[in-house]
Undergrad: 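The structure that follows is given in the form of structure tokens.
Just follow the structure's listing: the first ligand is 1, and inside any ligand the first atom is 1. All figures in this text were calculated on a predicted structure; none of them were measured in a lab.
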Amino acid sequence: MPVDVILGLQWGDEGKGKLVDAIASDYNVIARFQGGANAGHTLVIQGVKHVLHLLPSGIFHMNCKNLIGNGVVLDPVILFKEIQNLLSYDNSLTQRLFISKKATLILPTHKFLDKIQEDSKKEKKIGSTLKGISPAYQDKIARLTLKVGDILKPNFHEKYHEIKSYHLNLSKIYPSDLQYDIEFEKDFWDSIEYLKSLNLIDSEIWINEILQKGGKVLAEGAQGSMLDIDFGSYPFVTSSNTTVGGVCTGLGVPPSAIHEVWGVFKAYCTRVGSGPFPTEEMGDIGNLLREKGKEFGATTGRPRRIGWLDIPALRYACMINGVTQLAMMKSDVLQCIHNIPVCTFYQTPNGKYPLPTDYDNITPLYENLEGWYQYDFSNASIPQNLSNYILFIENLLKLPIKMVSIGPDRNQTIYR
Ligand code: GDP
Ligand code: IMO
Ligand code: MG
């Protein structure tokens with residue numbers, strides 16, 4: 001009864017969506033377990049691009065059930081729009097979609113609070129996607145918000161208005177000129193009605209029954225390990241456990257059910273939003289990689305910050321997650337440069353470290369590897385210098401790179 005897991009090992013946008021879609025047909029269920037519409041997972045299927053924010057990335061596979069688990073914070077407005085956009089492509093997709101009644105609802109006032117809380121941080125902004133993620137998780141932990149299952153209860157409206165007034169009172173403590181726009185509520189109420197028509201289930205029971213019958217589940221992580229609320233570069237993180245522990249709490253599956261843990265990383269690094277980024281490359285080469293890799297956020301369109309592969313951060317993420325195998329994405333993008341620096345250790349005033357402990361006063365120590373300049377990947381083969389790069393990383397992380405991605409399309413994938 002295995003649950004396999006796909007997790008981002010860096011700062012998000014590693015290409016998780018592509019890997020999930022590429023291997024989804026081996027599974028009965030694809031399940032999101034944390035985060036919300038801050039995620040933007042891109043799938044390219046026969047040249048057609050889809051960006052998913054809440055729908056799990058197995059949604060295009062007719063034989064897969066897709067679950068939005070209890071650990072997710074669900075914005076019904078975004079879910080409604082996402083489904084409507086895809087219905088012309090596949091009008092049966094909601095039959096394969098299941099939503100936990102225990103998932104937390106994102107309310108219009110959560111998005112309002114996200115904006116004013118972020119505004120009030122001035123130059124210390126986190127760079128939030130402003131999807132209401134942090135206020136919704138704050139309320140979940142404070143035990144005062146609404147869950148998806150509450151929409152079926154007679155006192156839903158009453159509870160909604162109680163929480164809304166609490167939020168509007170709370171908003172007054174922030175020095176912001178932003179006003180709450182009641183217009184947002186129309187879409188919200190329409191989408192709540194729509195949500196009632198979907199498969200709302202006790203997903204922890206449902207998923208365990210599937211596992212007991214021998215079904216296979218793939219848990220799809222959102223964000224990346226370095227954005228984890230506990231293990232990321234706090235406070236520049238998201239508000240959920242993006243690491244493997246989040247799978248158990250976000251789906252209700254036991255740790256003993258977890259089998260393979262895929263760690264997904266880009267052959268270089270990116271980060272959107274503020275916070276430490278030890279290997280950041282701000283010069284022309286960074287700009288070139290941004291352009292070649294189309295490094296602009298799938299959710300917000302913001303330019304992603306670019307950096308070199310950071311082995312201390314990867315070692316850390318592999319350790320926390322118990323990664324069993326790796327997938328390296330965007331290997332094709334690096335063919336625009338001759339030499340590729342890889343950070344193998346962090347130098348700090350107190351010594352040389354293989355793992356991140358503190359992000360102050362870090363100097364990355366690099367080794368330079370020869371690139372695969374202008375290599376043509378159209379025959380889906382791995383050039384010698386890329387092979388050397390792979391072996392170098394495998395040796396440092398003591399883990400196999402089982403999949404190498406050489407383009408955004410589902411088919412531009414090499415299994416080793
Ligand atoms: P996710 O959030 O981890 O699912 O990743 P995103 O979808 O936000 O960002 C990854 C981006 O890289 C998307 O635009 C993908 O289409 C694209 N992508 C994924 N794998 C590859 C690859 O191997 N090569 C190239 N050039 N693009 C890729
Ligand atoms: P996927 O699943 C990259 C970043 C934001 C910000 C911080 C907090 O596509 O990899 P939040 O909206 O969660 O309060 O923002 O986390 N962030 C992401 N960066 N990919 C994501 O998701 C992200 N989700 C959140 O940019 O720095
Ligand atoms: Mg993304």
Undergrad: Would you say the ring centroid of Tyr174 lies under 6.0 angstrom from that of Phe112?
TA: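 Not under 6.0 Å, so no.
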Undergrad: With nothing but distance in play, are any N or O atoms of Val44 less than 3.5 Å from an N or O of ligand 1?
TA: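 It does not: no N or O of Val44 is found under 3.5 Å from an N or O of ligand 1.
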Undergrad: Determine whether the aromatic ring centres of residues Phe377 and Tyr375 are separated by less than 6.0 angstrom.
TA: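 Yes - the distance between ring centres of Tyr375 and Phe377 falls below the 6.0 Å cut-off.
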Undergrad: Which of the atoms in ligand 1, numbered in the order shown and given with their element, are less than 4.0 Å from a heavy-atom of Gly407?
TA: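 Those of ligand 1 that fall under 4.0 Å from Gly407 are 20 (N), 21 (C), 22 (C), 23 (O), 24 (N), 25 (C).
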Undergrad: Atom CG of Leu79 and atom CD1 of Ile106: how far apart are they, to the nearest 0.5 Å?
TA: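 If we round to the nearest 0.5 Å, Leu79:CG and Ile106:CD1 are 11.5 Å apart.
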Undergrad: Counting non-hydrogen protein atoms only, what is the nearest one to atom 2 (O) of ligand 1? Give residue, atom name and distance.
TA: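 For atom 2 (O) of ligand 1, the nearest protein heavy atom is Gly40 O, 2.9 Å.
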Undergrad: Is a salt bridge present between Asp190 and Lys186, judged by a nitrogen-to-oxygen distance below 4.0 Å?
TA: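 Lys186 and Asp190: salt-bridged.
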Undergrad: Which residue and atom name correspond to the protein heavy atom nearest atom 10 (C) of ligand 1, and how close is it?
TA: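 Heavy-atom neighbour on the protein nearest atom 10 (C) of ligand 1: Asp13 O, 3.7 Å.
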Undergrad: Within less than 4.0 angstrom of ligand 1, does His53 place any heavy atom?
TA: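 Judged by the 4.0 Å heavy-atom criterion, His53 does not count as contacting ligand 1.
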Undergrad: Do the charged groups of Arg290 and Glu281 touch, with an N to O distance under 4.0 Å?
TA: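 Looking at Arg290 and Glu281, the cut-off is not met.
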Undergrad: Pick one of side chain, backbone, both or neither for how His50 approaches ligand 1, counting any non-hydrogen atom pair under 4.0 Å.
TA: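 Neither; no heavy atom under 4.0 Å.
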Undergrad: So, 4.0 Å and heavy atoms of Gly293: is ligand 1 close enough to count as a contact?
TA: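 For ligand 1, residue contact (heavy atoms, under 4.0 Å) with Gly293 is absent.
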Undergrad: If the cut-off is 4.0 Å to any non-hydrogen atom of Lys18, which atoms of ligand 1 fall inside it?
TA: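 Contacts of ligand 1 toward Lys18, numbered from 1: 20 (N).
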Undergrad: Between His167 and Tyr180 (judged by ring centroids, cut-off 6.0 Å), do the two rings come close enough to count as a pair?
TA: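 No, too far apart.
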Undergrad: Could you tell me which atoms of ligand 1, counted from 1 in the order shown, lie closer than 4.0 angstrom to a heavy atom of Asp332?
TA: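 Numbered from 1, ligand 1 contributes 22 (C), 23 (O), 24 (N), 25 (C), 26 (N).
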Undergrad: Of the choices Gln335, Lys330, Gln412, which has the non-hydrogen atom that lies closest to atom 11 (C) of ligand 1?
TA: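 Heavy atom nearest to atom 11 (C) of ligand 1 belongs to Lys330.
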Undergrad: Give a yes-or-no answer on whether the side chains of Asn368 and Asn339 include a donor-acceptor pair shorter than 3.5 Å.
TA: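 Judged by distance alone, the side chains do not pair up.
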Undergrad: Mind checking whether Met329 has an N or O less than 3.5 Å away from an N or O of ligand 1?
TA: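 Min N/O separation from ligand 1 is not below 3.5 Å for Met329.
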Undergrad: For ligand 1, is Lys294 a contact, meaning one of its heavy atoms is under 4.0 Å away?
TA: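 No heavy atom of Lys294 comes that close to ligand 1.
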Undergrad: Between the side chains of Ser134 and Asp114, does any donor sit under 3.5 Å from an acceptor?
TA: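 No - no donor-acceptor pair under 3.5 Å links their side chains.
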Undergrad: For ligand 1, which atoms sit closer than 4.0 Å to a heavy atom of His41?
TA: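 What qualifies from ligand 1 is 1 (P), 2 (O), 4 (O), 7 (O).
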Undergrad: Distance under 4.0 Å, heavy atoms only, partner ligand 2: which residues pass?
TA: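 Ligand 2 pocket, heavy atoms under 4.0 Å: Trp11, Gly12, Asp13, Lys16, Asn38, Ala39, Gly40, His41, Ile126, Gly127, Ser128, Thr129, Ala222, Gln223, Leu227, Val237, Thr238, Val272, Gly273, Arg302.
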Undergrad: Whether Glu118 and Lys125 form a salt bridge (side-chain N of Lys/Arg under 4.0 Å from carboxylate O of Asp/Glu) is what I want to check.
TA: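 A salt bridge is absent here (no side-chain N lies under 4.0 Å from a carboxylate O).
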Undergrad: Check whether any N or O atom of Lys266, backbone or side chain, sits under 3.5 Å from an N or O atom of ligand 1, and answer yes or no.
TA: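 No, Lys266 has no N/O under 3.5 Å of an N/O on ligand 1.
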Undergrad: Is the contact between Val333 and ligand 1 made by the side chain, the backbone, both, or neither, using heavy atoms and a 4.0 Å cut-off?
TA: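 The part of Val333 near ligand 1 is the side chain, not the backbone.
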Undergrad: Regarding Asn388 and Gln384, do their side chains bring together a donor and an acceptor under 3.5 Å, going by distance alone?
TA: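 A donor-acceptor contact under 3.5 Å links the two side chains.
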Undergrad: Using the ring centroid of each side chain, check whether Phe156 and Trp189 are separated by less than 6.0 Å.
TA: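 Ring centres of Trp189 and Phe156 closer than 6.0 Å.
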Undergrad: For Phe60, is the NZ or CZ atom of Arg410 found under 6.0 angstrom from the centre of its six-membered ring and inside 45 degrees of the ring axis?
TA: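 Cation-pi check for Arg410 and Phe60: fails.
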Undergrad: Which ligand 1 atoms are under 4.0 Å away from a heavy-atom of Ser405?
TA: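 By the 4.0 Å cutoff, the relevant atoms are 20 (N), 21 (C), 22 (C), 23 (O).
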Undergrad: Quick one: do Lys16 and Glu220 make a salt bridge, cutoff under 4.0 Å?
TA: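 The answer is no: the pair does not qualify as a salt bridge.
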Undergrad: Determine whether the aromatic ring centres of residues Tyr353 and Tyr346 are separated by less than 6.0 angstrom.
TA: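 When the ring centroids of Tyr346 and Tyr353 are compared, they turn out to be at least 6.0 Å apart.
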Undergrad: Any non-hydrogen atom of Gly8 lying under 4.0 Å from ligand 1?
TA: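 Under 4.0 Å: no for Gly8.
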Undergrad: Could you list which atoms of ligand 1 come closer than 4.0 Å to a heavy atom of Gly17?
TA: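 Answer, ordered by atom number: 4 (O).
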Undergrad: Taking atom 15 (C) of ligand 1 as the point of reference, which of Ile414, Leu334, Thr42 owns the nearest heavy atom?
TA: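 The option holding the nearest heavy atom is Thr42.
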Undergrad: What protein N, O or S atoms come within a distance below 2.8 Å of the Mg ion (ligand 3), ordered by chain and number?
TA: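 Only Asp13 OD1, Gly40 O fall inside 2.8 Å of the Mg ion (ligand 3).
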Undergrad: Taking everything shown except Lys330 itself, do over 12 heavy atoms lie less than 6.0 Å from its NZ?
TA: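 Correct, the count exceeds 12.
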Undergrad: Are Trp308 and Phe277 near enough that their ring centres are under 6.0 Å apart?
TA: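 No: the rings miss the under 6.0 Å criterion.
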Undergrad: Run the salt-bridge test on Glu295 and Lys266 with the 4.0 Å N-O cut-off and return the result as yes or no.
TA: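 Looking at Glu295 and Lys266, the cut-off is met.
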Undergrad: For the pair Glu185 and Lys164, find out whether any cationic side-chain nitrogen is under 4.0 Å from an anionic carboxylate oxygen.
TA: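 Judged by the 4.0 Å cut-off on N to carboxylate O distance, Glu185 and Lys164 do form a salt bridge.
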Undergrad: Is the shortest distance from a Lys or Arg side-chain nitrogen in Lys81 or Asp75 to a carboxylate oxygen in the other one below 4.0 Å?
TA: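 No, Lys81 and Asp75 are not salt-bridged.
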